[in-house]
Amino acid sequence: MSIERRPILFFVVFTLALYLLGNGMIPATDPVETNYTQTAKEMLASGDFISPRIFGNFWYDKPVFFYWELIGAFSLFGISDFSARLFPSVFGMIGVLMTYWFAKRIYDKKTAGYAALMLATSFGYWLVSKTIITDMTLFVFFNAVLVFFYIAYTSENKNWYYLCYLFAGLAVLTKGPIGILLPGLVVTIFICVRRDFKEILRMKPLGFVIFAAVVVVWYYPMIVLHGDDFIKNFLGVHNVLRATQSEHPLWNVWWYYSVLFFLIFMPWSFMTLPKTLAKYVKAYRENHELPKFDQTQLFLLIWAITVTLFYQNMATKYTTYTLPTLLPISILGARYMINHDRLFKRTAAVWTICLVALTFLVAIPVTRNQGYSQWEAAAYLKGICKPDDLIVEVGDYKVSLTYYSDIKVYRLEPKELMKDYLPDGKSWKAKNFMPFMAMEDLPKDKQVYLLVQEKRRHMFEKYMNQNEWELVRTFPRFELFVRKPQS
C-alpha cells in the first residue's frame, strides 16, 4: 500500500491509525472536554436528544450536532475515553480525504497527495483530531461549503451548489450562525474581487430550502421548548458576547493568530511560508510588481486570509478558531513542496514519528498525571464515598470529578463572594451552571470531603477552620480533606 498507488486507502489507514492511537489512555480534560462529555452523558441518561443539559440544567453553549456524535459513540461502544475521542478522529480522517479529493480536482494527483499529508501531519490538525471539541466536525462542514462552492463555480454543473447549502446547515448545527456567515463572507469577497456578480444568479437560491430543512431539525424545537431563555443565552452570550467581549483578555492581541499559525501548521509552516514570502519579496524588488495569482490561488488565499482576519477582529480568541484555514494553506503549501520531493518525504516520515512519540510521551502522561483531568481523584472518591457523604471543592470547578465518579460535587464559595460567580444576565457568569454551596452552609451532621486546589488554598485558609479538616490524600494540583460528622 502506498500513497501513489492507493491514496484513499492509504489516507484512511494512516489517519485513523495516527488519530486513534492511544485515545483510550487519554482522559477527558477540564475545563472544555468534560463539559461536552458530561452533557452528552446526561442527555443519554435523560433520553432527551434535543436539549443539551449539564448538572440537570439546560445548557446552550453549543448546538447539538457534536453531542449527537458523543451520544452515538457512547451508545455503540459504552462511555469511555476512546468512545469520546472516536468521532473527532473520524472527522479528522474525513477532512484529509476531502482535502485530497478537492486538491486533485483543482490541481493534480501529486499536489493532492502532498496537501493531504501536510494537513494530516500538521500539529494543530493532529491535536484537534484527538480532542473532544466541536472544531474538527466544524472543519469538515465549514470547509465543505467552500469546497463545493468552488467546484460549482468552475463547473458547468451548478447542482454542486446544493451541497453548499446542505453543509452550511450542518455547520450551523455544529457551531451556530458562524457556519453560514463566515463561508458566505469568503464567497462574497471572492465574487466581488472577480467582479463576477452574474454567478450569484446561478447559485441555486432554492438551496436555502435545504439549509432551512437541516437547521430547523434542532433550532425550531429549541425555540419552542425554551423560548427567550435559549435565544438570550445561545445567541446573546455564546455568540454575540464572544464577538464583543473577550473571554480571555490576555489573548486579545493583534498578532495572536499570526503567531499561532506557525504552531498549528508546524512543521510545514516553517518550511513553506518564509521561503514563499522571500520569493515574492525578491521578485518585487527586481520587477517592482506585486505577485499575480491565478483564479484558484486567489480563491485559496481569500479563503485563508478572510477566516484569519475575521477571527482576529473578534474579541474572544481561541487556538482552534482558525483551524479551517489549514485546508487552503495545505494546498498552497503543497504547490511549493512538490518541487522538494526528498525534503517533503523525509519531513513527513520524521514528523509522523514525532507525533506518535508526543502521544505516548506527552499527551498520555500529562493528561493523566499533571492535574488536567481529575479522573484519579474521581475514582478514589467513588470507591470511598457513602451515599450520604457530601463532596465540595474550593477552586475552579472540575467537571471531570462528576463525569468520572457520578457523584454530585459542589463548588464552595464564601457567601459574601457567591454573587461574583452565580449566573447573572448577559455575562460570562452565565456559563456557571455547576452546583454551588456557601462555605457557611456546610452541614455539621454529614461527612464532608473537601478538595482544595493549590491556587485557591488561601481561600481555604482564610474562610475555614483548618483544625476541623484531616488531610486524606494529595493529587496533582490539589489536596483532599475530610471532616467527620460533628456531634
Side-chain angles (χ1 to χ4, degrees), residues 12-13 15-59 61-94 126-137 140 173-174 218 356 359-360 363-369 371-385 387 391 397-409 433-434 475:
V12 169
V13 174
T15 54
L16 286 181
L18 185 62
Y19 301 154
L20 292 174
L21 188 67
N23 281 2
M25 294 182 283
I26 305 175
T29 61
D30 298 305
V32 178
E33 289 188 319
T34 48
N35 281 338
Y36 290 115
T37 55
Q38 180 63 24
T39 298
K41 187 177 178 180
E42 291 191 30
M43 291 178 72
L44 182 61
S46 71
D48 178 1
F49 302 151
I50 294 296
S51 304
R53 63 186 68 204
I54 192 166
F55 311 122
N57 301 297
F58 293 120
W59 171 242
D61 183 53
K62 293 292 186 298
V64 76
F65 195 92
F66 187 65
Y67 298 126
W68 285 344
E69 292 177 27
L70 288 169
I71 290 169
F74 288 166
S75 299
L76 289 172
F77 305 107
I79 298 174
S80 69
D81 297 324
F82 181 85
S83 299
R85 299 185 188 279
L86 175 62
F87 276 103
S89 297
V90 170
F91 272 86
M93 175 199 69
I94 294 171
W126 164 82
L127 183 62
V128 176
S129 292
K130 300 176 78 68
T131 305
I132 311 167
I133 51 177
T134 61
D135 295 84
M136 189 50 69
T137 304
V140 172
L173 277 185
T174 302
W218 182 71
V356 173
T359 298
F360 291 101
I364 293 173
V366 166
T367 55
R368 292 179 70 87
N369 305 321
Y372 292 98
S373 175
Q374 307 300 351
W375 66 275
E376 186 180 11
Y380 182 77
L381 286 168
K382 192 172 184 177
I384 65 171
C385 286
I391 316 298
Y397 194 84
K398 304 298 183 183
V399 182
S400 56
L401 286 166
T402 300
Y403 173 65
Y404 283 108
S405 70
D406 294 316
I407 299 173
K408 190 172 186 177
V409 181
F433 277 115
M434 68 283 290
F475 295 93

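These values consider heavy atoms only, across backbone and side chains, with no hydrogens, waters or symmetry-generated copies.
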The single option from N35, T37, T29 that satisfies side chain to side chain donor-acceptor pair (under 3.5 Å) with E33 is T29
Are the side chain of D30 and the backbone of K398 linked by a donor-acceptor contact shorter than 3.5 Å? no
key: Heavy-atom side-chain contact between F49 and L44 under 4.5 Å   = yes
Next item on the list: Please lay out, stage by stage, how Y397 and T402 fare under the test side chain to side chain donor-acceptor pair (under 3.5 Å).
Entry: CA-CA 10 Å; Y397 194 84; T402 300; 3.1 Å; yes
- Item | Flag, side chain of S89 to backbone of S129, donor-acceptor distance under 3.5 Å | yes
Side-chain heavy atoms of M25 within contact of F360, under 4.5 Å
yes
#### Entry: Heavy-atom side-chain contact between F55 and V399 under 4.5 Å
yes
Around atom CZ of F65, are there more than 12 heavy atoms from other residues, nucleotides or ligands closer than 6.0 Å?
yes
Taken to the nearest 0.5 Å, the spacing of W375 CH2 from R368 CZ works out to 4.0 Å
Looking at S373 and A28, would you say the former's side chain and the latter's main chain have a donor-acceptor pair under 3.5 Å?
yes
**Prompt:** With a distance cut-off below 6.0 Å to the six-membered ring centre and an angular limit of 45° from the axis, does K41 pair with Y403 as a cation-pi contact?
**Reply:** yes
Are any of the side-chain heavy atoms of I133 and F66 separated by less than 4.5 Å? no
Separation between CG (D406) and CG (L401), nearest 0.5 Å, reads 12.0 Å
Margin query: Counting C-beta onward and ignoring hydrogens, is there a side-chain heavy-atom pair between L86 and L20 closer than 4.5 Å?
Written below: yes
Inset, instruction - Please work out whether the ring planes of Y36 and Y67 are parallel, tilted or perpendicular, with thresholds of 30° and 60°. - result: tilted
Under 4.5 Å between any side-chain heavy atoms of D81 and N23, yes or no?
no
